[in-house]
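Structure first, then comments.
To find a chain, count down the sequence lines: A is the first, B the second, and so on, and within it residues start at 1. Source: prediction; values computed, not measured. For the numbers below, each heavy atom of this structure counts, side chains included, while hydrogens, waters and symmetry mates do not.
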Amino acid sequence: MRIAVFTRSTPDTAAKVEVDASGKVTWGDAATVVNPWDEYALEEAIVQAKNAGGKAAVIAIGAPMHDEALKHSLAMGVDEAYRVWDDALEGADGLAYATAAAAAIKQLGDVELVLFGRDSVDVGTDQHIYATARKLGWTMLSYVSKIVSIDFAAKTIKVEKVLEQGKQVITASLPAVVSVLKDINEPRYPSFIGIRKAQKATIPVWGLADLGVTLPASAARVTAFKNLPPRDTRFELISGTPEEQAKQLVDKLLEEKVL
Amino acid sequence: MSAIYVWIETFKGKANPTSWEAVAAGRMLGASLNLPVTALVFGENAAAVAQEAGAYGADNAITCDDATLTQFRLEPYAALLTQLVKANAPKAVLAIASSRGRELLASSAADTDSAMLSDVLDLSANGDGLSATRAVYAGKVLSDNAASGAAVFVTLRSRAFKAADPAPKDIPVTTAAPALSEAQISTKIESFEEAVGTVNLSDAGVIVSGGRGMANNPANAPAGVSGDAATVWKAQDGFANVLQPLADVLGGAVGASRAAVDAGYIPYVHQVGQTGKTVSPDLYIACGISGAIQHQAGMRSSKVIVAINKDSEAPIFKMARFGLVGDLYQIIPALTAELKKRLGK
Ligand SMILES: Cc1cc2nc3c(=O)[nH]c(=O)nc-3n(C[C@H](O)[C@H](O)[C@H](O)COP(=O)(O)OP(=O)(O)OC[C@H]3O[C@@H](n4cnc5c(N)ncnc54)[C@H](O)[C@@H]3O)c2cc1C
Ligand SMILES: Nc1ncnc2c1ncn2[C@@H]1O[C@H](COP(=O)(O)O)[C@@H](O)[C@H]1O
């Protein structure tokens with residue numbers, strides 16, 4: 001039995017990201033890191049796999065830069081890593097992504113639970129997660145803050161799910177796709193031995209032919225990246241005693257019509 | 001006949017008011033494509049909410065008020081939406097990019113092999129398809145997107161579109177049968193604990209946020225509370241008794257930096273930033289927040305930013321329209337008092 005988790009490499013959160021003259025997104029020489037939200041999914045996969053006596057497998061769909069995130073996952077203690085890549089995936093949309101992701105899960109064969117982070121800090125369209133669940137035809141449980149219990153034999157799962165208005169306890173059947181929030185655990189740091197092992201690991205790369213799928217035509221695409229419009233750089237320092245500052249600020253805010 | 005579908009999000013039989021922004025976006029598309037706007041209302045009280053959608057600009061509505069749909073569950077909601085899309089072939093399906101809107105539309109888009117544009121900041125018809133702008137890389141960069149195909153699914157960033165002023169009118173309503181019976185639904189809600197004093201930062205027009213600086217509260221911790229516990233007590237007291245009253249006079253919500261959340265000063269639901277909420281209020285007041293790039297990522301699209309910080313070199317001042325250098329524990333109470341006086345509260 002396997003628990004799978006999807007991840008990707010994203011630019012370090014402190015990186016200055018911009019669009020260069022050729023229209024490409026760049027982040028200079030800033031490092032890429034494992035998507036911060038995925039650390040919680042990876043930790044949960046490691047823990048749940050250990051509890052169940054199964055294996056944790058991590059998958060990235062993407063170009064070689066995503067090996068970074070896979071190596072980090074291995075260093076944390078995930079058992080296996082795979083990368084899915086094919087030229088046909090370049091610039092493909094969420095539907096294509098989900099088709100490849102579902103095929104990779106089928107390829108692993110014995111997966112009962114797929115974990116995702118809340119979203120990725122770069123592309124930021126959690127649509128991948130839900131689309132993958134639908135393509136698999138599995139139960140989708142999103143915004144999970146706690147896996148209360150899993151019974152792999154009975155194929156049931158019980159979770160706590162956070163809504164805008166509160167918290168639900170939900171039971172559902174396995175196999176399932178679960179996206180997790182940061183409340184779920186405290187991700188471990190990679191150990192020294194883990195890092196050494198991960199450095200030496202070779203990561204199998206699956207093409208679409210290996211997965212036996214063809215992609216649907218991408219009906220959504222990015223036509224251009226652009227930099228943010230220039231910020232309003234007007235700045236006014238408001239000084240004086242706290243009472244004077246307060247009075248001046250209220251005057252200004254009323255002038256700006258934001259109150 | 002084709003239409004623009006707009007899913008109206010409800011909770012306990014009441015519409016989430018940001019859904020009216022989605023109706024407005026639907027009308028805008030409908031006007032350029034010459035299509036009517038159909039409100040989709042599922043669950044308790046659907047008929048009344050449908051008429052309310054009419055007041056905000058929907059031309060007609062499809063409702064399904066079935067016991068399986070009382071509380072939002074993805075399985076029955078997505079199955080019903082997918083069934084409606086397959087049967088009626090709308091040109092577009094819109095909803096606000098709330099957590100439910102995102103998962104519902106993405107699921108149904110996958111079921112129908114349709115294109116999806118998530119969390120868009122603007123939207124327009126473009127020939128046979130749709131165009132939209134999205135914020136990517138934590139809002140550091142924008143992308144232009146195009147989508148085509150039979151139906152395009154779109155979720156809209158809240159506050160990116162303006163709701164119309166309501167004008168009551170009667171609209172025709174069709175009722176739909178649910179797509180799944182309870183026996184076919186695997187997810188069961190065992191219990192629900194409603195949060196007290198919920199914050200919906202994404203919808204707030206004014207946000208007052210506190211950071212690590214909230215710990216420097218001059219108030220004394222109760223006897224017996226010392227060390228780290230005293231620091232946490234002071235910061236919590238500051239959030240509850242200094243920041244909250246300011247948010248209250250402004251009719252706004254309280255936000256926080258990650259440093260404040262991680263230190264246990266305030267729950268995670270309040271966190272603004274790259275690993276918290278992305279917000280775009282008209283007014284954002286940052287108190288005792290240095291302005292790290294990960295914090296900026298969540299609040300940079302605020303219209304007017306006010307920074308209150310005792311360190312005149314703090315990076316937050318580079319983003320601010322107005323800067324107040326000083327102790328937040330002196331400035332905020334003065335500001336709250338002044339606002340009460342001026343706004344007549
Ligand atoms: C992967 C990752 C993700 C992150 N995601 C987020 C995120 O989503 N959101 C986020 O906010 N951060 C995030 N961070 C953390 C971010 O880098 C900063 O550490 C954090 O924003 C700092 O919070 P702060 O400004 O409250 O604290 P500090 O940087 O410590 O600033 C405190 C400020 O308070 C001022 N101050 C102190 N006392 C007073 C007083 N009495 N009156 C007025 N001013 C006072 C100080 O001058 C100082 O400027 C993330 C970091 C990483 C690595
Ligand atoms: N190309 C990818 N390969 C593997 N995982 C991904 C990929 N893109 C997104 N994810 C994961 O899917 C989740 C949602 O990401 P996103 O849809 O990009 O916001 C996050 O946990 C991401 O790490």
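Of the possible polar contacts, one joining the A/Gln245 side chain to the B/Val325 backbone as a donor-acceptor pair under 3.5 Å is found. When atom types are taken as modelled, the side chain of A/Ser173 and the backbone of B/Ser186 share no donor-acceptor pair closer than 3.5 angstrom. Judged purely by atom type and a 3.5 angstrom limit, B/Thr187 has no side-chain atom pairing as donor or acceptor with the backbone of A/Ala172. Between the side chain of A/Lys226 and the backbone N or O of B/Asp144, no donor-acceptor pair lies under 3.5 Å.
Of the residues considered (B/Lys318, B/Met319, B/Lys303, B/Glu193), B/Glu193 shows the highest number of contacts with chain A, using heavy-atom pairs under 4.5 Å. Contact count versus chain A (heavy atoms, under 4.5 Å) is highest, among B/Ser148, B/Ser301, B/Gly251, for B/Ser148. Between chain B and the options A/Pro36, A/Ala14, A/Pro11, A/Pro229, the largest number of non-hydrogen pairs under 4.5 Å is found for A/Ala14. Among A/Glu243, A/Met140, A/Lys16, A/Lys252, the residue with the largest count of heavy-atom pairs under 4.5 Å with chain B is A/Lys252. With respect to chain A, the highest number of heavy-atom pairs below 4.5 Å among B/Gln296, B/Arg300, B/Gln71 belongs to B/Arg300. Between chain A and the residues B/Asp113, B/Leu74, B/Ile185, B/Leu339, the most heavy-atom pairs under 4.5 angstrom are made by B/Asp113. Here B/Ala320 is the residue among B/Gly326, B/Ala297, B/Ala320 with the most heavy-atom pairs under 4.5 Å with chain A. If you tally non-hydrogen atom pairs under 4.5 Å between each of B/Glu338, B/Arg321, B/Glu190 and chain A, the highest count goes to B/Arg321.
For B/Lys188, the parts lying near chain A are the backbone and the side chain together; criterion is any non-hydrogen pair under 4.5 Å. At a 4.5 Å heavy-atom cutoff, the contact between B/Val304 and chain A is made by side-chain atoms alone. Interface remark: B/Phe322 contributes backbone and side-chain atoms alike to the contact with chain A (heavy atom separation under 4.5 Å). For B/Ile305, the part sitting under 4.5 Å from any heavy atom of chain A is the side chain, from C-beta outward, and nothing else. With a 4.5 angstrom heavy-atom cutoff, A/Leu249 touches chain B only via side-chain atoms. Looking at A/Lys135, only its side chain comes within 4.5 Å of chain B, counting heavy atoms on both sides. Contact of B/Thr133 with chain A is made through the side chain alone, with heavy-atom distances under 4.5 Å. Of the atoms belonging to A/Val25, it is side-chain heavy atoms, and not backbone ones, that fall under 4.5 Å from chain B. For a residue to count as touching a neighbouring chain, one of its non-hydrogen atoms must lie under 4.5 Å from one of that chain's; by this rule B/Val269 does not touch chain A. Of the two parts of A/Ala224, the backbone and the side chain both hold a non-hydrogen atom closer than 4.5 Å to a non-hydrogen atom of chain B. Residue contact with chain B, scored on non-hydrogen atoms closer than 4.5 Å, involves the side chain of A/Arg231 exclusively. Interface remark: B/Ile331 contributes backbone and side-chain atoms alike to the contact with chain A (heavy atom separation under 4.5 Å). For A/Leu181, no part lies under 4.5 angstrom from a heavy atom of chain B. If you measure heavy-atom distances from B/Leu142 to chain A, the contacts under 4.5 Å come from both the backbone and the side chain. Looking at A/Leu259, the atoms closer than 4.5 Å to chain B (heavy atoms on both sides) all sit in the side chain, from C-beta outward.
A/Gln168 approaches B/Phe72 most closely through the heavy-atom pair NE2-O, 4.4 Å. Closest approach of B/Arg102 to A/Asp126, counting heavy atoms only: NH1-OD1, 3.2 Å. Nearest heavy atom pair, residue B/Ser107 against residue A/Tyr130, reads OG-CB, 3.6 Å. The two residues A/Leu95 and B/Ala109 come nearest to each other via the heavy atoms CD1-O, 4.2 Å. Scanning both residues, B/Gln274 and A/Trp37, for their nearest heavy atoms gives O-NE1, 4.0 Å. For the pair A/Ala15 and B/Ile293, the tightest heavy-atom approach, listed with the atom from each and the gap, is O-CD1, 3.8 Å.
Side-chain contact between A/Ile170 and B/Arg73 is absent, with no heavy-atom pair separated by less than 4.5 Å. A 4.5 Å side-chain heavy-atom check between A/Leu253 and B/Val306 finds at least one atom pair inside the cut-off. Inter-residue side-chain proximity for B/Lys341 and A/Val250 is flagged as unmet; no heavy-atom pair is nearer than 4.5 Å.
For A/Glu236, the CD atom sits in a packed shell: over 12 heavy atoms of surrounding residues, nucleotides or ligands are nearer than 6.0 Å. Remark: A/Arg188 CZ is packed, more than 12 non-hydrogen atoms of other residues, nucleotides or ligands lying under 6.0 Å away.
Of the charged side-chain nitrogens involved, none lies within less than 4.0 Å of a carboxylate oxygen, so that A/Glu18 and B/Lys140 do not count as a salt-bridged pair. Salt-bridge formation is detected for the pair A/Asp251/B/Arg342: a Lys NZ or Arg NE/NH1/NH2 atom is positioned less than 4.0 Å from an Asp or Glu carboxylate oxygen.
Ring geometry, B/Phe317 versus A/Phe235: the interplanar angle exceeds 60°, so the pair is classed perpendicular (tilted spans 30 to 60°).
Proximity to chain B at a heavy-atom threshold of 4.5 Å picks out A/Leu141, A/Ser142, A/Tyr143 from residues 141-149 of chain A, in numerical order.
For B/Glu75, the salt bridge (charged side-chain N to carboxylate O under 4.0 Å, His left out) criterion is met by no residue, not counting sequence neighbours.
Screening B/Thr82, B/Asp111, B/Thr112 against A/Arg134 for a side-chain hydrogen bond (donor to acceptor under 3.5 Å, both in side chains) leaves a single residue, B/Asp111.
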